[in-house]
Amino acid sequence: MQSLNLRQIEVFRAVMIAGSINGAAQLLLISQPAVSRMLSHTEARIGFQLFERVKGRLYPSPEARRLFAHVESVYRGIQRVNTTLHDLVQQRHGVLRIVSSPSLGHQFVPDAITSFRRENADIRVSLECLRHVSLRDRLLDQQADLGISLFPVDHPNLRAVPLSDIRVLVVCPADHPLTRVPAADLSQVLAESPFIGYPADTPFFSFVKPAFERQGLPYWPDIDVDSPHHACALVKNGAGFAVVDEVSWRASGSERMTVLPLLTDERLTVSLVHLRREPLAQFAQGFVEQLRRTLADSGLELFGDD
């Protein structure tokens, strides 16, 4: 059985892509005779023609098309290797890749990054705000170094360290009639008021719906949004009431909203998430320390170091 070396595979791929000897030579930055010799040698070696020559163009045989599919798979693997190598080089020069729940990523995490960069100007930081499943997958695929999540991330290959509890707030526009309703009557009046909620595929839905049921409230949103940040924007515009986390409420400008006395015992937990078997780099640990200071400066109660 005859096999191809990497150079023969490279030339074959270039001819498939370019459709001509001249085009392949330009892709590979070599001469046309060199491509022709390599292609002829390859075909002689394997014992059959890969291309039919018609009026200066090369048309791949069925065997060539089948081979090309596997060659492209190999090249995608090489690209993944190079991407990983690039990431490793960048990390050696100090790159911190952070993924965050949207609620925390609008202001809290940027505040921590800004403070961290004042003392670590040589560290390049990237921040991406992602929904729950995407945040988890980025960490598992090693496309992020650490995550900051507002909801539990349960996976055997990930470690979640609780940092702080934050309040859950029921908010309405500052001048809304709900602000004048006695606390004892609030549940009944809310059931008849426009409600801004969350779609069934979001973590906030899984949290808010049971909380409503414990209060005897129906969960029938008039408007669905994908994040508390958007819910706060609608509340400030007078669209109705919503359940949001304390961090989103602060980041959105709390002066145009009123907090109603409902769900006062409900809490969400801010957690640091990273790969269980991959220790954080020293500069990443430094960022976590800044994250804790930012939480404390915000008046939020911290859990002990783990």
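Worth saying up front: this structure is predicted, and the values here are computed from it rather than measured. Here, residue 1 is the first one in the sequence, and each next residue gets the next number.
Glu266 is listed as a side-chain neighbour of Arg214, based on a closest heavy-atom distance under 4.5 Å. The side-chain heavy atoms of Met257 and Cys232, taken from C-beta on, include a pair separated by under 4.5 Å. Two residues are said to be in side-chain contact when any heavy atoms from C-beta on lie closer than 4.5 Å; Trp220 and Phe195 fail this criterion. Side-chain contact between Arg124 and Leu96: absent, with no pair of heavy atoms (C-beta onward) separated by less than 4.5 Å. Annotation: side chain of Phe51 is in contact with side chain of Met16 (closest heavy-atom distance under 4.5 Å). Side-chain contact between Gln285 and Phe283 is absent, with no heavy-atom pair separated by less than 4.5 Å. Annotation: side chain of Ser101 is in contact with side chain of Leu135 (closest heavy-atom distance under 4.5 Å).
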Begin with the C-alpha distance, continue with both residues' side-chain angles, and end with the deciding distance and a verdict on ring-ring contact (aromatic ring centres under 6.0 Å, His included) for Tyr198 and Phe207. CA-CA 10 Å; Tyr198 305 96; Phe207 179 87; 9.9 Å; no
Check against salt bridge (charged side-chain N to carboxylate O under 4.0 Å, His left out), Glu63 and Arg66: CA-CA 5 Å; Glu63 293 85 356; Arg66 182 177 175 185; over 6 Å; no
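For Arg117 (side chain) and Ile123 (main-chain N/O), a donor-acceptor pair under 3.5 Å exists by modelled atom type. In terms of modelled atom types and a separation under 3.5 Å, the side chain of Ser252 and the main chain of Trp249 share no donor-acceptor contact.
Between Phe212 and Phe241, the angle of the ring planes stays under 30°, which puts this pair in the parallel group of the 30/60° scheme.
Under a 4.0 Å N-O distance rule, the pair Arg131/Asp201 qualifies as a salt bridge.
Scanning all heavy atoms of the two residues, the minimum distance from Gly240 to Val235 falls at O-CG2, 3.5 Å. Contact record, Asp145 with Leu280: O-CD2, 3.7 Å, taken as the closest heavy-atom pair. Minimum interatomic distance between Pro194 and Asp222 (heavy atoms only, all atoms of both residues): CA-OD2, 3.2 Å. Nearest heavy-atom pair, Pro162 versus Thr269, reported as atom, atom and distance to 0.1 Å: CB-CG2, 3.9 Å. Closest approach of Ala183 to Pro261, counting heavy atoms only: CB-CG, 4.0 Å. Across all non-hydrogen atoms, the minimal contact from Pro203 to His132 is CG-CB, 3.5 Å.
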Counting only pairs under 3.5 Å, give me each side-chain donor-acceptor contact of residues 29-39, with atom names and distances, residues two or more places apart or in other chains.
from	atom 1	to	atom 2	distance (Å)
Ser31	OG	Ala34	N	3.2
Gln32	NE2	Asn22	OD1	3.1
Ser36	OG	Gln32	O	3.3

Can you give each donor-acceptor pair under 3.5 Å made by side-chain atoms of residues 170-181, sequence neighbours left out, with the distance rounded to 0.1 Å?
from	atom 1	to	atom 2	distance (Å)
His176	ND1	Leu178	N	3.0
Thr179	OG1	His176	O	2.7

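For Val71, the side-chain contact (heavy atoms from CB on, under 4.5 Å) test picks out Ile9, Phe12, Arg13, Leu67, Tyr75, with sequence neighbours left out. Not a single side-chain contact (heavy atoms from CB on, under 4.5 Å) links Pro152 to another residue, sequence neighbours left out. Take Ser227 and apply the side-chain hydrogen bond (donor to acceptor under 3.5 Å, both in side chains) test, not counting sequence neighbours, and it matches His230. Contacts of Pro110 classified as side-chain contact (heavy atoms from CB on, under 4.5 Å), with partners at least two apart in sequence or in another chain: Leu127.
In this model, a donor atom of one side chain and an acceptor atom of the other lie less than 3.5 Å apart for Asp245 and Ser248. No donor-acceptor contact under 3.5 angstrom links the side chains of Asp111 and Thr294, judged on distance only.
Annotation: Phe151 is in aromatic contact with Phe204 [ring centroid separation under 6.0 Å].
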